[in-house]
Structures are given as C-alpha cells and as structure tokens.
2 protein chains.
Amino acid sequence: MVITLEEISKVTGFSVSTVSRVLNKKSKKYRISNDTERVIYAKAKELGYRPNELARGLRLKKTHTIGLVVPDISNPFFASITHLIQKYLYEEGYSLIVCNTNEDINTEIEQIDLMKRKGVDGYIIMPVGTQYEHIKDLLDDDKPLVLLDRNIDALDANCIVVDNYRGAYEATECLVHFGHDRIAIIQGLQNTYTNNERVRGYKDALADNGIRIDENYIVGNDFRRENGYISTKLLLKMENPPTAIFAFSDLITLGMLQAISEEKVKIPDDLSIISFDEIDFAPYLVSPLAVVVQPRELIGEAAVKLLIEEMRNKNSSGKRKILLESKLVIRESMKNLNSTANENSNLGVTVHRTAS
Amino acid sequence: MVITLEEISKVTGFSVSTVSRVLNKKSKKYRISNDTERVIYAKAKELGYRPNELARGLRLKKTHTIGLVVPDISNPFFASITHLIQKYLYEEGYSLIVCNTNEDINTEIEQIDLMKRKGVDGYIIMPVGTQYEHIKDLLDDDKPLVLLDRNIDALDANCIVVDNYRGAYEATECLVHFGHDRIAIIQGLQNTYTNNERVRGYKDALADNGIRIDENYIVGNDFRRENGYISTKLLLKMENPPTAIFAFSDLITLGMLQAISEEKVKIPDDLSIISFDEIDFAPYLVSPLAVVVQPRELIGEAAVKLLIEEMRNKNSSGKRKILLESKLVIRESMKNLNSTANENSNLGVTVHRTAS
DNA sequence: TGTTTTTGCACAAACGTTTGTGCTAACTAT
DNA sequence: ATAGTTAGCACAAACGTTTGTGCAAAAACA
C-alpha cells in the first residue's frame, strides 16, 4: 500500500498538516512539540513514507526536474554532454527528463511542449535549427533556459557555445599552411548554428589565404555516419579530388573512414583528413587522426551552472552568452606537403588558443 | 498566463467538467452537444491550453513517464541503448526520466526512490550489482519493470540480457585455437552480472581446452578507461606477460590502447587483443580490432516491447527472461600463432552463432 | 483570581485534473 | 394533458500536498 500523509495522520492521531510540517522540517516555525515530532518521524520511517512528487509539484509549482533536449544521444559528443549535465544536476538535487529530437524540428516542438506540461523547472536545449518560434514562447514562461552548443542569435536567451568559427578557421588554415589548396569539407546538417559557423570559418580561412572557394568541395548535409560515407565516396570520385578533407563531426568521420578504407586511399599520403569533435580512438587509428576538440566538460558544467544560477536569482535580468574555446590537435592524418621528407615534426602537437 | 480548464470554463460559460470532457474526447459518452464541443475546442486552441500533467498524473495515477537507470551514459554502449529506448518509448507516447548511477549502488537506490516518488509508470533498470533489496521492493509496487543487460537471478523479474558467457567463451576459445595459452583478461566491475558471466565463460573456455587458469592473468575491476590503462601496464610489465589480452569493455580497450601505444608494443605481432562491445572505429585502428559485439538495437527494442506489453496486459503474470546472442568478429588484432606466415586468412570474417 | 501571552496543534483552501451522479428542460409517447 | 425519456450540462469529490489562519489549553503575569 502506498503511504500518504493521511495514513500517518490516522495512525499517529495528528492532523495531516502537522505531519506535513514535521516531515518538511518546519516544526520550529509552526511550533510543533519535540514529542510530536519524534512520534511522526518514527512512524513515517516505519511505514516507509515517500512524498508524492506529483502532488507536491502541483501545489508548489516546482518539480525539481530539468528538461534536456538533445539532437542525438547516440552521438558520443552529445552523450558525453548529457552525462555531465545529469551528473551536475544530480548534485544540485535535480532530475533530468531527456528527449531526443533526431534533428527533427517537429519532434523538438512536440517534446518541448510535453516538458512544459510536465512542469519542468528549466530547460537545456540544443535546438535543431533556425526555426525558433516555440523557443521564443518558452522564454515568455520565464522559466530558466539555456541554449547549448547551438545559439539562436535572434533570441535573447542564455547560451553556451563553442567558437565553431575559430575552430574551423584554424583547422582550415593549418591545412593551407601545410600546402593544401584543394580542401573539401563534409558538412553537418545545414542551417544549424554549428554548421553555419564552421562553414564560415572554413571559407574565411581560405579567402584570407588567397585560395578560391570551390563549391564543389563543399558537400554533405547531415551530422551522421551515412553522410560521411557517401560524401567521401563522392569526393574521391571527382575528376580533381581534394588533397584534404575536413569532416564536421565524429560520426561523419566514421563514415569517411569506411569509404576511405574501401577505396584503398592511403592516409595521409593520398589524402589528409581532420575531424571536428574529439574522437577517443583518434590517436590509435591507422593514421592518427587530427581533430578539433571541443571542451565537453566545460560545456556540460557551464550549462548547469548557468541554469542553477538563474533559478536562484530570479532577478537575473540579463541573459548571458558564453563562448568557449576549441582546441586544434594535429596528428599524422594531416600531411605537410611542404616538408620534403614528410617529417611531420609536429606530431601530436597541440595548438592552444584563447577565445575571443 | 497559464491557461487552465477553469479559465476556459469562465470564458465559455461551461463548467470545468464539461470542458474537461470535451478536451478528452468524451463528448459522446457524456452527451455534450456538438455546438458546445465546437465552442470549447475553439477557445482552448485560441488560448493555447495545455493540460497540467502533474494534476493529471495525480488524478489518474499515470504519468506516461518511464524511468531509466543506466550505469554510465557516456559509455557508447549504454548511450546507444538509451537512444534506442528513448526512440521506441517516444513512439509509444512515453517520456523518459534518465538517471546515471555511475555504478554506485547508493546512487542507484536514491534515484530509484526518486523515480518512484515522481510516479513513473515503469522502470528499465541496468542495475549496478548484486545488491537488490531495493529492486525487490519495486517489484511489489507492481509497476512494470525490466532488468536490462544485467540480470539478477534471485529476482522474479523481466529481464533482457546478452549471452555474456558464450560471448566470452567463444572469444577465449578462438584465441586458444589461434595458439595462445597466456591469455589475460581485463575485467570490468566485479560482481556485476555481465562481468561474472564473462569471467565464467573465459575460465570454462580455458578449462575445456586444457589450459590452466592463472589468476595473475585476471586483472582489473572497472569498466572504465583508466582501468584499461593501468591494468594493461601491469600485464605488460609481468615477468611472463600474456600473448593475448581480452578487454571486457570498449572503454577498457581505449585505455589499453593508450598503454600499448606508450609501451610501443606491436599489435598483433607482440600481442593479440580482443574487446567486448562494438567499437565503431574498430576496423580503422592501427590494427583492426577483433570484438564481441552485442546486439544493441535488439536490446533497446526488446526492453521497450517487454515494458509496453506488460503495461497493456496487467494480467501478465509470468515474467520473461530473454537471452540475446552476441557475435564474434575476428579482425587482425588477433594473431594466429599456428599459421606460419601469419596469413590471417580469416581477416574480417564474422563468426555467427545462435543463442541457446 | 483574572488577564494576557504562548504553546501546540487542527481546519480548510488551494494546486488542476477527472468522473460518478444528479438535476432541469425539452422531447416523445400515450 | 400527463407521464416517461432523453439530452445537456453542472456539482462535488477525489488525487496528495502545503500553508495561512484560528482556536483551545496551558503558562505566565499581575
């Protein structure tokens, strides 16, 4: 049987309100005697009382639950962030409702609606794209909200993003310095914040270094594996194939590697590659993989911090936009076409930079 | 402002109960006129009414929320399963509350308690260990529950597990057939179901093939990366180091690779390795990695199917225990010591089997 | 002893739903 | 015209909490 305050009230003889106050540690405030307190505590423990959080949430308008909207939990990058968010929220006493949008805007809208109905106390959202009416509505509810990984400029919302522009710029520029001029990118989902920024960084890096932008070298439209596979096949079959490919996500890279393996292309002699996102196994691949790593830990931690902070100080009027730095890790998968002996003295070197 | 039934009641002039019935599509049953229905629908839509799921849950004793307990979402294996569970549940109209236990039994107990209080309609649990009083209590609540990935024999609960015993047995036996007799394992967390079964499979395979079990070759006690690193270092430093290492998880393998790389050990010439869990990048590693893959898709799908089924037929008395098969994928990281020229003709071969 | 203060608790409303039941007016049948 | 049906809706209780307020008895004070 499920134990309610009423049960305890009956067996102890005290009223429901008294029981409630004791169990909520409000005995002093409401002048409940120590004796009474002891009796109620004992009985509650004995019967294994558990507050009904639905009733409580209804009454208090507070559920101690945060809604997390993520595009794809199975993507290691997002999985990692989810893990951290969950961890930090737990420390703060919050539960997590997770929903996966699969990069589908309608699912996102639906799921956010559902979370709203469930009365979550705050939102951490990695939005799919640029459609944002539903998020705008959310802001009016004045529940804390932070946009993660993907910003929506038009919205006055808290947000935490990585400097995708610089990340892509530096990776591209590094390839250029290594003597590459036919540099292809395999994009993720177009019109997402991250993708747009990365493309912009790529283009600017080329332009700033006097290399013509060839739209044929810009392929793909999805952060997933299949896109990496197909796009790579396409690129390799070109009449004038690229000497370097920049993949915009770990999963794209996975597909790319599959295609490369099938086509028997040698890395880095035939082709240089670099990937966005940390890939745990990167150092141990056939050709250790250069990557642009994003500070996952920071992202997760910052998200929770910002959210909690806003819950505490309801007054906090100004929204904050936080820009985190990425890090370029050069490994052997990038060939330096300038060095005659392909010495690659910069093996494993890490280029650090500070965010703007 | 938040719109309630009461609001709609006020502006339309109909009672709250009538509004409720209309919006719940019970107009016929309660003989609400078509005109009334139309008016209420229109107003509800206009005002953007959203039912308060807390109130509803309280009244209905049903929240359409499932609680998922997972040891470590950042582990790709669990992330993948989580993703699938979320996906299938969404299709069935359920939300997901996720909690991470970090393999800590107390966190597990706490979190399950919290979920209970939040009134979830069912549980999918990957328990940390063999302590199970709290789960036993859960069973008495007669909410649907399925144990995933890790069984607890003593409990009469639904459960879906992979045949870890056979998976480990076959991998070990394969190594033996390849001529190895100093085969080490790096265990995951001891006294978890999965680990116990794998150790048992390993031991039986050795015994059945006339190889003495050397406890020195059994190391480790954690499914995470650090364990893989340290344990590998230990093994490599032995006076009589193993010729093959069997890592019990993807993350352990990651740490192992790091250690191997640092120690400049050559795979597979100096050492053969094989890993439990699918690793997406396995084929593209310096030495393509042999693995025992578990059917993630099936695990996730089966979990939800079983849960939903039990929600539908409350009568379902008998609990079901489902055993899924694993699959051994042989790659070059396992050297066949018998074949003189290390031809490894079985490159990429997949050994399939059916579960008992 | 009479008045005031304090102690210790109970009552009841409210949070937003759902649903069994009851009531009035209109309709149908005789 | 009268009795019986039915259509159309409202009332109120219940789900399990929390919290403002009220009230009696005890204690303190004069």
Side-chain angles (χ1 to χ4, degrees), chain A residues 1-41 43-44 47-65 114 116-121 141, chain B residues 1-41 43-44 47-65 114 116-121 141:
Chain A
M1 191 187 63
V2 44
I3 305 302
T4 66
L5 291 182
E6 169 117 41
E7 287 302 318
I8 302 187
S9 159
K10 272 186 200 151
V11 302
T12 61
F14 294 103
S15 76
V16 167
S17 55
T18 299
V19 176
S20 168
R21 292 193 239 254
V22 166
L23 297 181
N24 283 295
K25 310 202 180 307
K26 306 219 169 126
S27 305
K28 330 298 158 208
K29 182 176 173 194
Y30 289 102
R31 299 184 310 236
I32 312 295
S33 77
N34 288 340
D35 288 353
T36 307
E37 199 177 0
R38 262 191 297 277
V39 169
I40 291 178
Y41 264 133
K43 217 53 179 170
L47 297 180
Y49 169 74
R50 282 169 227 277
N52 179 325
E53 298 293 338
L54 290 173
R56 197 179 232 175
L58 182 59
R59 177 65 228 249
L60 259 24
K61 298 188 173 309
K62 195 124 184 29
T63 56
H64 287 272
T65 304
L114 191 56
K116 199 187 251 179
R117 283 156 38 182
K118 296 211 171 182
V120 301
D121 292 339
D141 291 5
Chain B
M1 191 188 61
V2 46
I3 304 303
T4 67
L5 290 183
E6 171 116 38
E7 288 302 317
I8 302 186
S9 161
K10 273 186 200 150
V11 302
T12 60
F14 295 103
S15 76
V16 168
S17 55
T18 299
V19 177
S20 168
R21 291 195 240 253
V22 167
L23 297 180
N24 283 296
K25 309 202 180 308
K26 305 220 168 124
S27 305
K28 333 294 156 206
K29 183 176 171 194
Y30 288 101
R31 298 184 309 237
I32 313 294
S33 78
N34 288 341
D35 289 351
T36 306
E37 198 177 1
R38 262 190 298 275
V39 169
I40 291 179
Y41 263 132
K43 218 50 181 170
L47 298 181
Y49 170 74
R50 283 168 226 279
N52 179 323
E53 298 293 338
L54 290 173
R56 200 179 231 175
L58 181 60
R59 175 68 227 245
L60 260 23
K61 296 188 171 311
K62 195 125 185 26
T63 55
H64 288 273
T65 305
L114 191 55
K116 199 188 251 178
R117 283 156 37 180
K118 296 211 170 182
V120 301
D121 292 339
D141 291 4

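Side chains included, hydrogens not; waters and symmetry mates left out as well; all remaining heavy atoms used.
Listed pair B:Y49 / C:dT17 meets the phosphate criterion, a side-chain N or O lying under 4.0 Å from OP1 or OP2. The side chain of A:K61 places an N or O atom within less than 4.0 Å of a non-bridging phosphate oxygen (OP1 or OP2) of C:dG16. OP1 and OP2 of D:dG16 both lie 4.0 Å or more from every side-chain N or O belonging to A:T4. Using a 4.0 Å cut-off, some side-chain N or O of B:Y30 falls inside it from OP1 or OP2 of C:dG20.
In this entry the distance linking NZ of A:K118 with P of C:dT17 reads 15 Å, nearest Å. A straight line from CG of A:N34 to P of C:dT7 spans 12 Å, rounded to a whole angstrom. One interatomic measurement links the two molecules: CD of B:E6 to C1' of C:dT17, which rounds to 12 Å at whole-angstrom precision. Separating the CG atom of A:N24 from the P atom of D:dG16 is a distance of 17 Å, rounded to the nearest angstrom. Residue B:K29 contributes atom NZ, which lies 16 Å from atom P of D:dA7 at whole-angstrom precision. For the pair A:E37 CD and C:dG8 P, the interatomic distance rounds to 11 Å; values are reported in whole Å. In this structure, B:R117 atom CZ and D:dT17 atom P are separated by 11 Å, rounded to whole Å. Distance CD1 (A:I40) to P (D:dT17): 14 Å, rounded to an integer number of Å.
Among the atoms of the strands shown, only primed sugar atoms or phosphate atoms (P, OP1, OP2) are found under 4.0 Å from some heavy atom of A:L60. Using a 4.0 Å heavy-atom cutoff across all strands shown, B:G13 reaches sugar-phosphate atoms only and no base atom. A:F14 comes within 4.0 angstrom of sugar-phosphate atoms only, judged by non-hydrogen atoms across all strands, and of no base.
Interface remark: the B:S17 side chain does form a donor-acceptor pair with the D:dC11 base, using a distance-only criterion of under 3.5 Å. Taking 3.5 Å as the limit, the base of C:dG16 and the side chain of A:R56 contain no donor-acceptor pair of atoms between them.
With distances taken from any side-chain atom of A:T18 to the nucleotides C:dA10, D:dC11, D:dC15, the minimum falls on C:dA10. When the nucleotides D:dG8, C:dT21, D:dG16 are ranked by their closest atom to the side chain of B:S33, D:dG8 comes out on top. Proximity note for B:R31 (side chain, C-beta onward) versus D:dC9, C:dC15, C:dT19: the nearest is D:dC9. For A:N52, the listed nucleotide lying nearest its side chain is D:dG16; candidates were D:dG16, C:dG20, D:dT21.
Side chain of B:D121 to main chain of B:K62: no donor-acceptor pair is present (N/O by atom type, distance under 3.5 Å, no hydrogens or angles).
Projected onto DNA chain D by closest heavy-atom contact, B:V16 and B:L58 fall at different nucleotides, the more 5' of which corresponds to B:V16. Nucleotides of DNA chain D nearest to B:S15 and A:P51 differ in position, and the one nearer the 5' end is that of B:S15.
A:F14 is not listed as a side-chain neighbour of A:I8, based on a closest heavy-atom distance of 4.5 Å or more. Contact check for B:L58 versus A:N52: side-chain heavy atoms found under the 4.5 Å cut-off. Contact annotation: the side chain of A:P51 approaches that of A:E53 to within less than 4.5 Å [non-hydrogen atoms, C-beta and beyond].
Salt-bridge annotation for B:K26 and B:E37: absent, with no side-chain N of the basic residue lying under 4.0 Å from a carboxylate O of the acidic one.
Side chains of B:T63 and A:K118: no donor on one and acceptor on the other come within 3.5 Å.
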